[in-house]
Protein chains: 2
Amino acid sequence: MSITVKDVAKAAGVSAATVSRVINNDPRISEKTAKKVNDCIQELGYKINNVARSLKTNKTRTIGFIAPEIANDFFMNVAKGVEDELRKHGYSVIVCSSNESSTEENNRIQLLSEKCVDGLIIIPASGEGKHFNQLKEVNIPVVLADRLVANFETDAVLVDNINGSYTAVEHLINSGCRRIGFIGGDMNVTTARERYEGYRRALSDYCIPIEESIIKFGNYHVQSGYELMKELMEYPDPPQNVFISNYFMHVGATKFLMEHRDTIASNVSIASFDDMEISSILGFCSVRIRQPMIEIGSKAAQILLKRISHDYSNFPQILRLKTELITKDY
Amino acid sequence: MSITVKDVAKAAGVSAATVSRVINNDPRISEKTAKKVNDCIQELGYKINNVARSLKTNKTRTIGFIAPEIANDFFMNVAKGVEDELRKHGYSVIVCSSNESSTEENNRIQLLSEKCVDGLIIIPASGEGKHFNQLKEVNIPVVLADRLVANFETDAVLVDNINGSYTAVEHLINSGCRRIGFIGGDMNVTTARERYEGYRRALSDYCIPIEESIIKFGNYHVQSGYELMKELMEYPDPPQNVFISNYFMHVGATKFLMEHRDTIASNVSIASFDDMEISSILGFCSVRIRQPMIEIGSKAAQILLKRISHDYSNFPQILRLKTELITKDY
DNA sequence: CTCACCTATGCACACGATTACATATAATAT
DNA sequence: ATATTATATGTAATCGTGTGCATAGGTGAG
């Protein structure tokens, strides 16, 4: 069928071992035979079979990336960081979606470990991670990205969510706001908890009382942002400033405001976590917290590569990347 | 190191062959031994090694997906369709970015073919595809998505771009517009050509003269949309209606208009290809052409699976999915 | 009772590469 | 000239599965 080392060996008049050594740049090979073999490789159009190689070396040079969702601008920016970094080192990435379900996440982990990936980068579906522990047994390194899980100790690359939302809320306060509504994600997700914590701390530090009725929790989706903003705005005395915990909720909330700009909401001002390309042209938005999305991915990839090469120094390494306050607006 | 069929065989008191047959549901295995073997598999925590299996079967149950960019909402919606469909059939997806370069695209193709993927789904970086022909030799099926290439005959899943933009422009005309500007993508990309063609045909069919000066070409990026809209708006007599060829240019164009809404552009109206979640809340937007993004991916996956199972009926199959005109707006 | 046949399982090789070990040749030292 | 070492290559085992062929035992027909 296809051309193997044996075919090349025969053509070059050497043994299969020699061909293999040429392919792997073994320094012991003489220049003469190396050239001869390489010529034959060219001529025959030989392509290495990485499946066979992997069987022998026990390395696939492939890693798995599991995100709660594929068609998601945030996760895919992380994925981009991962892919860019790993490709430089000759690795490929199998991308899986957990569909925001820990059960499915577990299935993907199974699948990927059976595919013998060298490592995993996971954005966990929820804060519960006991199904991760099986990976300890298989001895396959895992780096978490963006979110943490409980009861599983491993490397992780996160952002400083608490300070991020703190800074945004602080900015609002310094602009004279006193009543600041809150729209948050699912509290099972660590980032949602942390962003809420930052909000509370800022209010507390500036001696602003917490007003439970203008604090809303949902999930990180457009629809949820829409509904929670609706709830807030239908109060008799709605807050004029709202902190929103992620980009998608921000979009949903903006959607609601756009639909009702003539009736309810003319002068609502939003501070939002995330700063995507489109954030700057969404109406009502005053302040945003930019996350280094690509860097989350590339750092995670770097740590993973380190673990794959059996360097377990500083384990577990929890990286907290800084966020950036964006006030520029149109 | 890890548990193999041999270990299971020993534990169950059978041969490795029998274990293998149990795993693959060979009907000749008696229920009794099947149960015994399965129990041992459970007990030992045996996990199949798919690398070894692939070497033997010559099938990896993995396909490659190459897109010009990873952090791109459109491409990743296609990817989602691909992944969902393939996962149902037990396949995984290696995602690669060509970074909009045919050279890099070629590298990825090489890489993936050496990884022995069972098939490829590619959104080509450009309309030039002579480097695809090597795939014919390796005998690995390819399905193109979204875009076509010249000089390479294979299956493809596309949308009806010509009718899509025709319909949008027609809608503008029927709303009374006579001067309709055009912002288009790189004409090396087939969708850009087709969308331009639809624009021209609509004008022609309604006897509106083509005004070359208000027709602009760039690439499918935010920045390009921004610049071209700027060019249009800085004319002494700018068009009040503009057709924009994709979502990202739409965003860029809107960005420009937002920045200058007080000076230049208060009443510009945009018709745009693509209908992403955010499109509906972008200002200035009146009409959008929705593409079935996920369906592009799932259909491509279906065709690919068909080819992988050696069903080459109706080759090459070129699917043109319908677009949908969206006029709802806020 | 014998023969044919079916079922369930084992044996052993193959997939395509890597690699420890052996060996042949050349180079250098004594 | 011989011993020693370095260099370059070949031999053969191995990675974990799948599968063609062989075989042992069981069943039914004549």
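A note on names: the letters A, B, ... follow the listed sequences, proteins ahead of strands, and every chain is numbered from 1.
- Near DNA chain D, defined here as any heavy-atom distance below 4.0 Å, the residues from residues 27-34 of chain A are A:R28, A:I29, A:S30, A:T33, listed numerically.
- The CZ atom of A:R21 sits 10 Å away from the P atom of C:dT19 (whole-angstrom rounding).
- Under 4.0 angstrom from either OP1 or OP2 of C:dT18 there lies at least one side-chain N or O belonging to A:N24.
- Taking the screw axis at each terminus of the helix from C:dC1-D:dG30 to C:dT30-D:dA1 from five consecutive base pairs, the angle between the two is 50° to within rounding of 10 degrees.
- Checked against side chain to side chain donor-acceptor pair (under 3.5 Å), A:S30 has the following partners two or more places apart in sequence or in another chain: A:T33.
- Annotation for B:K10: atom NZ does not count as buried by contact number, only 12 or fewer foreign heavy atoms lying within 6.0 Å.
- Atom CD of B:E128 has more than 12 heavy atoms from other residues, nucleotides or ligands within 6.0 Å.
- Heavy atoms of other residues, nucleotides or ligands lying less than 6.0 angstrom from CD of A:Q110 number more than 12.
- Rounding to whole angstrom units, CG of residue A:D26 and C1' of D:dG10 are separated by 13 Å.
- Side-chain contact, A:H221 with A:E100: a donor N or O sits under 3.5 Å from an acceptor N or O.
- Between the CG atom of B:N25 and the P atom of D:dT19 there is a distance of 13 Å, given to the nearest Å.
- Rounded to an integer number of Å, the gap from B:D7 CG to D:dT17 C1' is 13 Å.
- Going from atom NZ of B:K56 over to atom C1' of D:dG18 covers 5 Å, rounded to whole Å.
- Under the ring-ring contact (aromatic ring centres under 6.0 Å, His included) criterion, the residue pairs touching residues 134-154 of chain A are A:F132-A:F152, with sequence neighbours excluded.
- Atom NZ of B:K10 is separated from atom C1' of C:dG10 by 16 Å (rounded to the nearest Å).
- Distance check: B:F75 CZ to B:I296 CD1 gives 10.0 Å after rounding to the nearest 0.5 Å.
- Between A:L55 atom CG and C:dA14 atom P the separation is 16 Å, expressed in whole Å.
- For the pair A:N50 (side chain) and B:E114 (backbone), a donor-acceptor distance under 3.5 Å is present.
- Ion pairing between a basic and an acidic side chain is recognised when a charged N comes within 4.0 Å of a carboxylate O; B:D84 and B:K88 show no such pairing.
- Heavy-atom contacts from other residues, nucleotides or ligands closer than 6.0 Å to NZ of B:K130 number 12 or fewer.
- Between A:R147 and A:I123, the shortest heavy-atom distance links the atoms CD-CG2, 4.0 Å.
- The separation between A:I23 atom CD1 and C:dG16 atom P is 13 Å, rounded to whole Å.
- For the segment residues 42-54 of chain B, the set of residues with a heavy atom within less than 4.0 Å of an atom of DNA chain D comprises B:Y46, B:K47, B:I48, B:N49, B:A52, B:R53, in numerical order.
- Near DNA chain D, meaning a heavy atom under 4.0 Å away, the residues from residues 11-20 of chain B are B:A17, B:S20.
- A side-chain donor-acceptor contact under 3.5 Å links A:E105 to the backbone of A:A125.
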Check the pair B:D311, B:S313 against side-chain hydrogen bond (donor to acceptor under 3.5 Å, both in side chains), reporting the backbone distance first and the verdict last.
-> CA-CA 6 Å; B:D311 176 355; B:S313 53; 2.7 Å; yes
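- Using modelled atom types, no side-chain atom of A:D118 and backbone atom of A:K59 make a donor-acceptor pair closer than 3.5 Å.
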